[in-house]
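A quick write-up on the structure given underneath.
Remember, it's 1-based here, ligands and their atoms both numbered in the order they're listed.
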Amino acid sequence: MYAQMVKTAGHGIKPRDRMTPQERAFQDRIDAGEKIEPKDWMPDEYRATLIRQIGQHAHSEIVGQLPEGNWITRAPTLERKAILLAKVQDEAGHGLYLYSACETLGVSRDELIAMLHAGKMKYSSIFNYPTLNWADIGAVGWLVDGAAIMNQVQLQKTSYGPYARAMVRICKEESFHQRQGFSIMMKMAAGTPAQKRMAQDALNRLWFPSLMMFGPPDKDSAHTAQSMAWKIKINTNDELRQRFVDQTVPQIDYLGLERPDPDLKWNPDKADGKGGFDYSDPDWAEFFAVLKGNGPCNTDRMKARVDAWEQGAWVRDGLSAHAAKRAARSAQQTAAQ
Ligand code: BYC
């Protein structure tokens, strides 16, 4: 029923003097650090922003299975195959927790999926890039899951209870995913010269798309100001991007790989003298083109999802028929007692 509100207004915060008394009381609860629960009153825009963000997050987990799933049959050892299989399965679980959290806001999973398939909802830009070889699977775990955790650890403190709670388990699993990716990178970087070249190439190609995962620069971010006022977001896009860069550069150095951007240099004056790495901006024109559907894999990803949905119709029908039969049998037994 709230599906029409998924596209939310952007830029700026509603000033307190323009809030209704109910909105002011809601903001006071947020400011006091209270969690908002599904049956609590909430402004329509708060609900719509959550549906957009949690729905997009859920879709990302599901679409995100595709680039890695593609490598399960080609993993180099049985152990790596089993680990990758478990990881990809975890991502399905994350999607399901997130769809469930989103459903508490009054939108059904079927509606969310229909909007994804109709191009009315997004999923993370990163999954529109291909995974060309085994080193890419290492780089996805290390960089993509690494960027995801950087964002999601903060989201454990988000103001909406079901979303915050879903994040706790997701974060635990994502940190395992990040380590499995780094373990692949360690093997490749310390392997033959050809393997090391593959690791370097994967890092070079996935570095900037990983930085894009945090969203556009703060000055261009439509939703950050209001989402932070509502504690839907705890940090800005640029803050998390900087933290990710600062965490990852020492790992690049540890692997003995070259930094993928010549501007990645320690700047002691950054962050009020605490220091941080300078870095080049990703190509934001490319980012917006990917969001519009013009990335290297957008068409393939959507086709894979729509095909899976259509070809899985018989499973959904079978499960529904089974559930209906069980319910009818149980009603008969109750009536007979
Ligand atoms: N990709 O105002 P902004 C994973 C859109 S999956 C696509 O800054 P916001 C994994 C944004 O929606 C982890 N779209 O937005 C899974 C908005 O569009 P509209 C995924 C993006 O929401 C499998 C517009 O740009 N994590 O870990 O305040 C295997 C303006 O942006 C992106 C999450 O989803 C993007 N990268 O902030 C492996 C985290 N960035 O609707 C790993 C939850 C921006 O106005 N989400 N847009 O047309 C968030 O934290 C926030 O939604 C974002 C963006 C930081 C991503």
Counting from 1 in the order shown, the ligand 1 atoms closer than 4.0 Å to a non-hydrogen atom of K87 are 29 (C), 38 (C)
S227 to ligand 1: N or O pair under 3.5 Å? no
Look only at interatomic distance and state if A222 has a nitrogen or oxygen under 3.5 Å from any nitrogen or oxygen of ligand 1. yes
Atoms of ligand 1, numbered as shown, that sit under 4.0 Å from any heavy atom of K233: 8 (O), 9 (P), 28 (O), 37 (O)
Check: K196 side chain, G256 main-chain N or O, donor-acceptor pair, under 3.5 Å: yes
Out of all atoms in ligand 1, which are within 4.0 Å of some heavy atom of Q56? Include the element for each. 7 (C), 12 (O), 14 (N), 21 (C)
Any N/O pair H223/ligand 1 closer than 3.5 Å: yes
Do the ring planes of H117 and W309 sit parallel (below 30°), tilted (30 to 60°) or perpendicular (above 60°)? perpendicular
For M212, take its heavy atoms, then give the atoms of ligand 1 lying under 4.0 Å from any of them. 36 (N)
Check: D136 main-chain N/O paired with N133 side-chain donor or acceptor under 3.5 Å: yes
Please tell me whether H57 and Y123 form a close aromatic pair, meaning their ring centres lie under 6.0 Å apart. no
Pair Q200-N204, side-chain donor/acceptor within less than 3.5 Å: yes
Answer with yes or no after comparing the ring centroid distance for F208 and F287 against a 6.0 Å cut-off, counting only values under it. no
Under 4.0 Å from ligand 1, counting heavy atoms only, is it the side chain of F214, its backbone, both or neither? backbone
Between Y163 and ligand 1, is there a nitrogen or oxygen pair with a distance under 3.5 Å? no
Mind checking whether H94 and Y97 have parallel, tilted or perpendicular rings, split at 30° and 60°? tilted
Where the side chain of K270 meets the backbone of F277, is there a donor-acceptor pair that is under 3.5 Å apart? yes
Looking only at heavy atoms, is any part of Y123 under 4.0 Å from ligand 1, and if so is it the side chain, the backbone, or both, or is it neither? backbone
E174-H177 side chain donor-acceptor pair, cut-off 3.5 Å: yes
Atom indices of ligand 1, in the order listed, that fall short of 4.0 Å to a heavy atom of M213: 36 (N), 56 (C)
Check this for me - ligand 1, G64, N or O atoms closer than 3.5 angstrom, yes or no? no
If we set the cut-off at 4.0 Å for heavy atoms, which region of L240 has an atom near ligand 1: side chain, backbone, both, or neither? neither
So, regarding E91 and ligand 1 (criterion: nitrogen or oxygen to nitrogen or oxygen, under 3.5 Å), is there a contact or not? no
Please say whether K122 places an N or O atom under 3.5 Å from an N or O atom belonging to ligand 1. yes
Indicate yes or no: does an N/O atom of E68 lie under 3.5 Å from an N/O atom of ligand 1? no
Under a 4.0 Å heavy-atom limit, does H57 contact ligand 1 with its side chain, its backbone, both, or neither? both
Are L66 and Y99 connected in a single hydrophobic cluster, I mean Ile/Leu/Val/Met/Phe/Trp/Tyr linked by side-chain heavy atoms less than 4.5 Å apart? no
Qualifying residue for side chain to side chain contact (heavy atoms under 4.5 Å, CB included) with Q242, from L240, D238, D246: D246
For H94, is the nearest heavy atom under 4.0 Å from an atom of ligand 1? no
